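To start, the structure under review is shown below, and the notes come after it.
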Amino acid sequence: MTAELLIASLHLVAPELILAVGAMVLLMIGVFSGDRSSTTVTGLAVAVLIVAGLWVILSPVEGEAFNGAFISDGYARFMKVLALIGSITAMIMAVGHARFDHLDKFEFPVLLVLATLGVMLLISANDLIALYLGLELMSLALYVVAAINRDSLRSTEAGLKYFVLGALSSGMLLYGMSLVYGFTGNTGFDEIALVLSTGEPSLGLIFGLVFVLAGLAFKISAVPFHMWTPDVYEGAPTPVTAFLAAAPKIGAMAITVRIVIEAFMPIFAEWQQIVVFISIASMVLGSVAAIGQRNIKRLMAYSSIGHMGYALVGLAAGTSTGVSGVVLYMMIYLVMTLGTFACIMAMRQKEGGNVENIDDLAGLSTTRPFMAFVLTALMFSLAGIPPLAGFFAKYFVFVAAIEAELYALAIIGMVGSVIGAYYYLRIVKIMWFDEAKGEFARTSGELRLVFGLCGLFVVGYVLFGGPLGTAAEAAAKTLFN
């Protein structure tokens with residue numbers, strides 16, 4: 001690689017370099033200052049993420065770096081902005097809860113920055129090896145933060161389950177990649193697509209495709225690779241769960257879309273069957289299994305499984321319209337999830353200690369009317385009730401499925417939405433019609449700001465959603481050029 005190519009490559013990966021160098025500097029600050037520096041390191045970590053986000057937005061450079069292993073295009077930039085927004089918001093939400101959840105360690109924000117770096121590398125991966133490196137950097141940081149509260153049995157168990165099952169999924173992914181490489185002779189997405197377009201795919205390649213999609217399905221917690229999600233969501237500290245539900249999901253879904261559209265598009269019929277099956281299974285299980293949940297974090301875990309199924313409806317269409325629906329869905333899902341977790345983190349008793357049972361929200365409309373209103377709007381939006389943002393998210397992926405003549409998939413999705421509405425509406429009923437059990441402690445300003453803005457987004461989406469939809473369409477079209 002010549003000096004000119006290296007400089008051009010470094011310019012393309014500038015946001016990732018900012019995060020990498022920033023994480024190393026923050027680590028040194030924490031090591032030399034001790035745990036008393038946790039607040040300072042957290043503040044600086046947020047600043048580093050904001051600088052990286054501004055670079056992505058204000059310096060729209062496009063091209064390929066490192067011999068095509070890394071790509072920067074409109075799709076990558078859009079998804080990176082979403083991931084950075086998720087990371088910044090989750091870190092800000094954790095500020096007021098660091099002491100209560102034993103997260104007042106300088107390692108916590110450093111690990112979140114490294115996980116975000118992995119997410120960004122994952123989004124821009126244009127090669128199987130780059131994909132794996134980004135995925136593992138993200139995953140290794142997440143395994144640690146899931147079990148960061150070592151005094152909690154639940155947190156330790158969550159981290160261990162996540163690690164063991166994550167290692168299994170990484171092995172499946174790596175095996176699938178080795179099969180794809182063995183039968184195509186290439187690791188680059190463009191080169192794989194070129195080889196696949198020249199003839200019929202072999203059985204070994206189809207097996208490789210299945211294993212690759214299985215490994216990625218684990219990362220987005222899609223059925224049948226969802227088993228870690230409820231236990232990790234419940235066991236991990238709530239700020240960690242909020243982060244898990246945000247940036248990593250964006251990154252995993254982004255690379256899933258990129259690899260099937262760019263590398264495996266010539267064998268569309270083969271991977272469409274897999275995506276349709278995963279989508280239906282996720283929607284059905286997410287809708288049904290959540291009905292009996294009493295812990296709100298477990299309920300959000302099953303809700304997340306269901307929503308990944310809905311997002312995959314758009315991908316199953318295999319069209320530019322479908323992919324733009326997925327991009328829009330992930331954006332709206334990010335806002336709804338962060339707002340809901342801000343409300344969950346605000347469920348703190350006056351005498352200390354978080355509560356997580358849905359029944360503890362009883363009478364919230366009388367004790368915390370603003371929070372009750374926002375949580376109601378978020379629940380209606382998650383259920384897909386018009387004219388809130390969640391309705392438009394589902395509408396566009398279902399429209400894409402109908403245009404692709406996937407009528408059964410769209411119908412099952414609609415039925416799943418109706419079933420899933422039950423457990424969201426049950427929360428609304430408990431908040432507004434049950435007798436109050438007690439009053440929560442005063443909510444921190446950070447959490448009020450987050451769930452207030454998220455509530456404003458889902459309620460007012462019908463007024464300003466047009467430009468966001470246009471941006472999502474433009475991002476999706478870059479994959480089909």
Side-chain angles (χ1 to χ4, degrees), residues 131 165 168-173 175-177 179-180 196 200-230 249 252-290 301-319 321-323 325-326 329-330 333 384 393-394 396-420:
L131 185 162
L165 294 171
L168 175 64
S169 76
S170 293
M172 294 170 66
L173 181 68
Y175 181 59
M177 288 177 179
L179 286 173
V180 172
L196 294 179
E200 285 295 312
S202 63
L203 183 61
L205 181 75
I206 301 301
F207 270 100
L209 169 65
V210 171
F211 276 104
V212 167
L213 290 181
L216 293 174
F218 177 91
K219 299 302 177 184
I220 61 172
S221 62
V223 177
F225 306 100
H226 66 286
M227 66 292 289
W228 62 275
T229 316
K249 287 284 176 68
M253 183 60 78
I255 193 60
T256 303
V257 171
R258 186 184 290 281
I259 195 170
V260 297
I261 296 297
E262 292 199 338
F264 296 117
M265 199 60 180
I267 53 171
F268 170 65
E270 282 77 7
W271 65 254
Q272 186 189 42
Q273 299 173 49
I274 302 169
V275 173
V276 166
F277 168 75
I278 292 174
S279 175
I280 291 174
S282 300
M283 289 188 294
V284 171
L285 185 130
S287 298
V288 175
Y302 285 108
S303 170
S304 169
I305 293 166
H307 281 286
M308 292 304 103
Y310 295 121
L312 289 171
V313 170
L315 181 57
T319 60
T321 305
V323 172
V326 176
Y329 200 105
M330 295 309 294
Y333 165 80
K394 290 181 178 177
F396 286 113
V397 293
F398 289 154
V399 165
I402 292 168
E403 287 179 356
E405 299 183 359
L406 297 172
Y407 303 118
L409 183 61
I411 291 168
I412 292 170
M414 291 173 193
V415 172
S417 293
V418 173
I419 297 170

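Fair warning: this is a prediction, and the values are worked out from it, not measured in the lab.
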Pairing residues for Leu168 by the side-chain contact (heavy atoms from CB on, under 4.5 Å) criterion, not counting sequence neighbours: Met172

Criterion side-chain contact (heavy atoms from CB on, under 4.5 Å) on Met308 and Tyr333, from CA distance to verdict: CA-CA 9 Å; Met308 292 304 103; Tyr333 165 80; 3.8 Å; yes

Heavy-atom pair with the smallest gap, counting every atom of Ala410 and Ile402: CB-CG1, 3.9 Å

From CZ (Phe225) to CG (Leu165), nearest 0.5 Å: 11.5 Å

Point-to-point distance, once rounded to the nearest 0.5 Å, from CG of Leu406 to CD1 of Ile411: 11.0 Å

Any residue meeting side-chain contact (heavy atoms from CB on, under 4.5 Å) with Ala289, in chain and number order, not counting sequence neighbours: Leu285, Tyr302

Nearest heavy-atom neighbours spanning Phe398 and Gly413: CZ-C, 3.5 Å

Side-chain donor/acceptor of Tyr310 to backbone N/O of Ala393, under 3.5 Å: no

Partner residues of Phe396 under the ring pair (Phe, Tyr, Trp, His ring centres under 6.0 Å) criterion, sequence neighbours left out: none

Pro224: side-chain contact (heavy atoms from CB on, under 4.5 Å) partners, not counting sequence neighbours: Phe277

Pairs flagged by side-chain hydrogen bond (donor to acceptor under 3.5 Å, both in side chains) wherever residues 268-287 is involved - sequence neighbours left out: none

Partner residues of Thr321 under the side-chain hydrogen bond (donor to acceptor under 3.5 Å, both in side chains) criterion, sequence neighbours left out: none

side-chain hydrogen bond (donor to acceptor under 3.5 Å, both in side chains) against Lys249, all qualifying residues, sequence neighbours excluded: Ser221, Tyr233, Ser304

Approximate separation, where rounding is to 0.5 Å, of Leu216 CG and Thr256 OG1: 4.0 Å

Test log, rule side-chain contact (heavy atoms from CB on, under 4.5 Å), inputs Met253 and Leu312: CA-CA 9 Å; Met253 183 60 78; Leu312 289 171; 4.1 Å; yes

Partners meeting side-chain contact (heavy atoms from CB on, under 4.5 Å) with Ile412 (sequence neighbours left out): Ile280, Met283, Val284

From CG (Leu131) to CD1 (Ile259), nearest 0.5 Å: 5.5 Å

Summary of side-chain hydrogen bond (donor to acceptor under 3.5 Å, both in side chains) pairs that have at least one residue in residues 404-414, sequence neighbours excluded: none

Nearest heavy atoms of Ala316 and Val276, plus distance in Å: CB-CG2, 3.8 Å

Listed once per pair and sorted, the salt bridge (charged side-chain N to carboxylate O under 4.0 Å, His left out) pairs that draw on residues 257-266, sequence neighbours left out: Asp73-Arg258, Arg258-Glu262

Distance-minimising heavy-atom pair for Ala311 and Met330: CB-SD, 4.2 Å

Sequence-distant partners of Tyr329, side-chain hydrogen bond (donor to acceptor under 3.5 Å, both in side chains), two or more places apart: His307

Where Ala401 and Val313 come nearest, the two heavy atoms and their spacing: CB-CG1, 3.6 Å

Output side-chain donor-acceptor pairs under 3.5 Å for residues 200-214, partner residues at least two apart or in another chain, one line each.
| from | atom 1 | to | atom 2 | distance (Å) |
| --- | --- | --- | --- | --- |
| Ser202 | OG | Leu205 | N | 3.4 |

